[in-house]
Visitor: 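Just dropping this structure here.
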Amino acid sequence: MKKRIIPSILLKSGTQACLSQGFSPWRSVGTLTQNLRLHVQRQADELLIINLDQAGSGKFVLPSRLFRLVRQEVDIPIAYAGGITTPEDASICINSGFDKVYVTAAFLDQQDSLRAIANIIGTQSLGLSLPYQRDCDHCSAMIWDYRTKCQTELTLQEAVGFALEQGVGELLLHDVRRDGLLSGLDSELSKDLAELQPEIPVLVAGGAGRPEHIADMLQIPFVQGVVAGSIFSLTPATPMTIRNYCETQGIPMRRCSSSAKI
Amino acid sequence: MIYVVNFPFCNYFGLERYLLYANRVHENLTLDSQVASKDTIVLPGVGTFGQAMNFLNSQGLTQLIQRHAANGGQILGICLGMQLLFDSSDESPNIEGLHLLSGHCSAIPKTNEFRVPHIGWNQLHVPVAKEAACKHFSAFDGFSSADFYFVHSYVVHPHDSDIITACFAHPSGLLCAAVASNSIMGVQFHPEKSGSDGYALLNHLLGYSD
């Protein structure tokens with residue numbers, strides 16, 4: 001299997017894309033249309049849209065303009081996150097053109113709720129996004145509730161264990177402390193994952209600022225991909241340049257035919 | 001004409017984007033569709049084997065698709081759509097598939113090196129050249145130099161290995177990634193989600209009916 005480079009697009013105020021630091025939006029970086037076209041043109045492996053307007057809202061609405069743009073612009077896998085709490089919410093996303101959905105609040109509120117969603121849309125279409133925080137570099141990772149902006153009493157290890165029992169197809173582990181800082185991803189995850197030995201794909205996010213950061217994380221056997229936002233807006237790196245660098249480090253990455261490379 | 005089965009859960013819009021991009025005349029397959037033998041039926045698919053077959057049966061499409069195959073019409077199954085071409089699947093015991101190709105689907109074995117669901121980009125390994133295989137997938141066409149997007153937990157095991165036209169690597173050996181037998185074709189991966197390389201492959205596959 002090839003490892004994946006996955007740009008994330010945070011949406012705020014409709015179809016405005018923005019960057020975040022510590023899970024708080026802080027800078028606008030164009031429209032959804034511009035970002036979709038850019039990432040597709042730059043040969044991203046997948047895309048993740050996170051709708052901040054919907055996240056934690058308690059009432060799910062999928063804006064029609066959003067999925068029309070996705071259908072129009074995207075020829076690679078694309079996932080959606082933001083406000084999905086029920087099988088019906090997830091179904092709307094899949095039927096509208098998304099390939100996967102990520103949930104967080106549904107898991108935080110009721111850990112066994114994910115099974116019902118997986119039964120409807122399929123395990124392979126359901127991901128669980130787990131924001132987490134460490135109080136220090138070697139401290140245990142604790143799940144962080146983005147709605148209250150507080151740590152929960154659930155450890156990352158416990159959360160992953162629960163998630164695996166619920167039929168989740170993929171995990172996204174997001175370091176809140178490093179989010180948007182471009183200072184590097186959480187290397188302590190290698191120990192956590194070595195203990196957990198997850199049998200499903202794991203993606204990591206939070207802190208990628210250079211291709212070297214991403215390559216170091218993808219060297220971990222349990223990590224299948226890196227999700228990143230700021231690096232693609234604030235540095236010259238593109239999915240293709242990062243893939244090329246990772247290949248030089250011996251990491252198996254997606255191959256595109258020569259006519260498609262950018 | 002390309003007819004598409006619009007399952008309740010499927011990658012319909014991804015496929016539709018390709019069809020619009022490639023300017024291919026297409027419509028949804030219904031019981032009233034006047035399908036000619038030179039037309040193509042495409043089965044996309046996300047979800048479970050049982051859900052998909054229940055949908056085909058309830059819509060009266062199972063016999064229509066089987067009749068089209070018997071008349072020599074082209075059929076392309078994508079991902080779950082490819083699995084439906086076969087007899088059965090461990091995912092949904094006691095549910096019969098379309099029986100267009102002989103074989104069974106079973107869960108991809110999990111190992112430390114191979115995560116299931118099989119999600120992500122992977123390369124195709126073209127089997128040792130056989131005439132049927134090379135007709136649809138050939139190193140000369142360049143498809144073995146690009147990767148394609150997979151997302152599945154089950155894999156097909158055709159009874160006749162000669163119909164396997166491409167594989168993906170698994171610690172247990174090569175597993176089936178594509179099949180072709182006369183006018184019936186299937187791909188386990190998603191060409192409609194594999195960027196420009198995927199679109200080029202769809203041009204190649206769907207161009208065979210021209």
Visitor: For A:P77, which atoms come within 4.5 Å of any heavy atom of chain B: side chain, backbone, both, or neither?
Guide: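 Both backbone and side chain.
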Visitor: B:K193 and side chain to side chain contact (heavy atoms under 4.5 Å, CB included): which partner among A:I76, A:I78, A:D75?
Guide: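 Considering A:I76, A:I78, A:D75, a side chain to side chain contact (heavy atoms under 4.5 Å, CB included) with B:K193 is found only for A:I78.
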Visitor: Give, as side chain, backbone, both or neither, the part of A:F98 having an atom under 4.5 angstrom from any heavy atom of chain B.
Guide: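 Contact with chain B: none, neither part.
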Visitor: Rounded at 0.5 Å granularity, tell me how far CD in A:E46 sits from CH2 in B:W121.
Guide: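 Separation between the atoms: 8.5 Å.
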Visitor: Which atoms of A:P198 are under 4.5 Å from chain B, going by heavy atoms: the side chain, the backbone, both sets, or neither?
Guide: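 The answer is the backbone of A:P198.
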Visitor: Just how far is it from atom NZ of B:K110 to atom CD1 of A:I200, taken to the nearest 0.5 Å?
Guide: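 The CD1 atom of A:I200 is 8.5 Å from NZ of B:K110, to the nearest 0.5 Å.
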Visitor: Looking only at heavy atoms, what is the nearest atom pair of A:G169 and B:P117, with distance?
Guide: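 Scanning both residues completely, I find the closest heavy atoms to be O-CD, 3.7 Å.
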Visitor: Any chance you could lay out the side chain to side chain contact (heavy atoms under 4.5 Å, CB included) test for A:K100 and B:I119, step after step, and finish with the verdict?
Guide: CA-CA 11 Å; A:K100 279 185 284 187; B:I119 299 178; 4.0 Å; yes
Visitor: Looking at CZ of A:R255 and CD of B:Q123, how far apart are the two atoms once the value is rounded to the nearest 0.5 Å?
Guide: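 A:R255 atom CZ to B:Q123 atom CD measures 4.0 Å (nearest 0.5 Å).
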Visitor: Using heavy-atom distances under 4.5 Å, tell me whether A:R71 contacts chain B through its side chain, its backbone, both, or neither.
Guide: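 The answer is both parts of A:R71.
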Visitor: Measure distances from A:Q72 to the heavy atoms of chain B and classify the residue's part below 4.5 Å as side chain, backbone, both or neither.
Guide: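 Backbone of A:Q72 only, per the 4.5 Å heavy-atom cut-off to chain B.
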Visitor: Given that the side chain runs from C-beta out, which part of A:E73 has a heavy atom under 4.5 Å from chain B: side chain, backbone, both or neither?
Guide: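 Looking at A:E73, just its backbone touches chain B.
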Visitor: Is it the backbone or the side chain of A:D45 that comes under 4.5 Å from a heavy atom of chain B, or both, or neither?
Guide: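 Interface part for A:D45: both.
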Visitor: Determine yes or no for a side-chain-to-main-chain donor-acceptor pair under 3.5 angstrom, with B:D197 supplying the side chain and A:C256 the backbone.
Guide: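 The answer is no, because no donor-acceptor pair under 3.5 Å joins these two groups.
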Visitor: Is a side-chain N or O of A:R254 found less than 3.5 angstrom from the main chain of B:G120, in a donor-acceptor match?
Guide: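 No, A:R254 side chain to B:G120 backbone: no donor-acceptor pair under 3.5 Å.
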Visitor: For B:Q34, does the CD atom sit with more than 12 other heavy atoms under 6.0 Å from it, leaving out its own atoms?
Guide: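 12 or below, so no.
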Visitor: Working to the nearest 0.5 Å, report the span between CD1 of A:I120 and OG1 of B:T48.
Guide: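 Rounded to the nearest 0.5 Å, the CD1-OG1 separation comes out at 9.5 Å.
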Visitor: Starting at OH of B:Y154, measure out to CD of A:Q124 and round the result to the nearest 0.5 Å.
Guide: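 It comes to 10.0 Å.
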Visitor: How long is the gap from NE2 on B:H118 to CE on A:M1, to the nearest 0.5 Å?
Guide: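 B:H118 NE2 to A:M1 CE: 4.0 Å, rounded to 0.5 Å.
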